[in-house]
Amino acid sequence: MPLIWALACTWLLVASLGLWHLFSSDYRAFLHKNAPDIRQTPEYKTGKITLVHYIDEQCSCTRFAKPHMRELKRELTNVNHIEMISNDSTMLKSGLNLWAISSPSVSVFSPEGEILYHGPYSSGDVCGQGEDLVMSRLEQWYEGYKQPQFNVLGNGCFCPWNNSIDKQINK
């Protein structure tokens with residue numbers, strides 16, 4: 001009987017350490033000390049609502065965001081979807097890469113190019129859990145609420161935006 005208890009306690013300890021390592025490594029505040037000044041909001045005018053998805057493929061949190069991104073693309077076929085990939089030089093001219101804070105995250109722009117929302121996809125600890133903040137913000141906009149919304153104070157699974165190309169160019 002003591003051997004069974006020892007095995008059960010060992011299994012519980014190993015499982016707890018594994019889960020802690022899996023989730024604690026990238027569990028942090030969305031807004032970090034090296035984040036850009038969000039008061040300097042970019043404009044991105046396309047004539048349609050535009051979602052800019054900030055993705056860092058090296059971030060372990062991306063695996064939680066991908067299903068949510070696919071769902072948004074499937075549901076929101078009448079909007080532009082732009083994927084801003086960390087360390088990808090193809091979107092440098094837009095200036096949006098200089099404004100990214102954390103990954104995974106999303107910016108929503110009105111057809112006139114004004115920022116409507118910037119922050120995580122959902123309110124849960126990992127993407128796909130909790131309230132869908134993107135759809136909620138779009139519903140508010142369609143109902144007439146036009147003020148920008150910055151959701152940057154939460155904690156969850158995020159990686160600081162890393163763009164070594166910007167650092168090379170801006171030296």
Side-chain angles (χ1 to χ4, degrees), residues 19 22-32 34-36 38 41-143 145 147-166:
L19 287 171
L22 177 68
F23 289 106
S24 72
S25 60
D26 290 321
Y27 187 86
R28 61 177 53 109
F30 183 82
L31 190 62
H32 52 85
N34 295 323
I38 62 172
T41 60
E43 286 192 2
Y44 198 72
K45 186 175 183 176
T46 63
K48 292 172 72 173
I49 289 189
T50 302
L51 271 67
V52 179
H53 306 273
Y54 299 96
I55 301 297
D56 181 353
E57 295 293 347
Q58 303 303 312
C59 177
S60 65
C61 303
T62 299
R63 69 182 185 269
F64 300 117
K66 292 263 179 156
H68 196 168
M69 285 175 48
R70 283 191 297 271
E71 174 126 355
L72 286 171
K73 288 178 181 180
R74 189 172 59 248
E75 286 185 30
L76 300 173
T77 58
N78 58 336
V79 305
N80 292 326
H81 292 270
I82 297 170
E83 287 191 17
M84 190 64 98
I85 308 295
S86 179
N87 294 319
D88 182 359
S89 63
T90 59
M91 292 297 289
L92 288 178
K93 64 183 177 187
S94 73
L96 294 172
N97 55 316
L98 301 174
W99 196 68
I101 297 173
S102 292
S103 172
S105 64
V106 62
S107 290
V108 181
F109 292 91
S110 73
E112 296 77 30
E114 297 159 339
I115 188 86
L116 298 176
Y117 175 80
H118 182 76
Y121 288 90
S122 62
S123 62
D125 287 339
V126 294
C127 201
Q129 291 182 349
E131 179 186 358
D132 183 339
L133 299 172
V134 175
M135 294 298 283
S136 174
R137 181 60 187 107
L138 285 173
E139 288 170 11
Q140 291 171 347
W141 184 76
Y142 286 124
E143 292 171 0
Y145 182 74
Q147 295 299 314
Q149 198 174 56
F150 300 98
N151 185 8
V152 296
L153 297 179
N155 290 319
C157 191
F158 302 112
C159 297
W161 186 255
N162 178 22
N163 204 335
S164 60
I165 292 171
D166 293 340

Holding to side-chain hydrogen bond (donor to acceptor under 3.5 Å, both in side chains), I want the full list of residues that pass it with [X], two or more places apart in sequence or in another chain.
X      : answer
Ser136 : Glu131
Glu112 : Ser110
Glu57  : Lys66
Glu71  : Arg74

Less than 4.5 Å apart, side chain to side chain, heavy atoms only: is that true for [X] and [Y]?
X      : Y      : answer
Trp141 : Gln149 : no
Asp132 : His68  : yes
Ser105 : His118 : yes

Glu139: side-chain contact (heavy atoms from CB on, under 4.5 Å) partners, not counting sequence neighbours: none

Spatial distance of atom CZ (Phe109) from atom CG (Asn80) [nearest 0.5 Å]: 11.5 Å

Distance in Å, Met135 CE paired with Glu75 CD, rounded so as to fall on 0.5 Å steps: 4.5 Å

Which atom names give the shortest non-hydrogen contact between [X] and [Y], and what distance separates them?
X      : Y      : answer
Met69  : Ile55  : SD-CD1, 3.1 Å
Ile49  : Leu51  : CG2-CD1, 4.0 Å
Cys159 : Ser60  : SG-N, 4.3 Å
Pro160 : Asp56  : O-OD2, 4.5 Å
Val106 : His53  : CG2-ND1, 4.2 Å
Leu116 : Arg137 : O-NE, 3.0 Å

Set of salt bridge (Lys or Arg N to Asp or Glu O under 4.0 Å) partners for Arg70, sequence neighbours left out: none

Listed partners of Lys45 passing salt bridge (Lys or Arg N to Asp or Glu O under 4.0 Å), at least two apart: none

His81 (side chain) donor-acceptor with Leu76 (main chain) under 3.5 angstrom: yes

Any donor-acceptor N/O pair, Thr50 side chain to Lys48 backbone, under 3.5 Å: yes

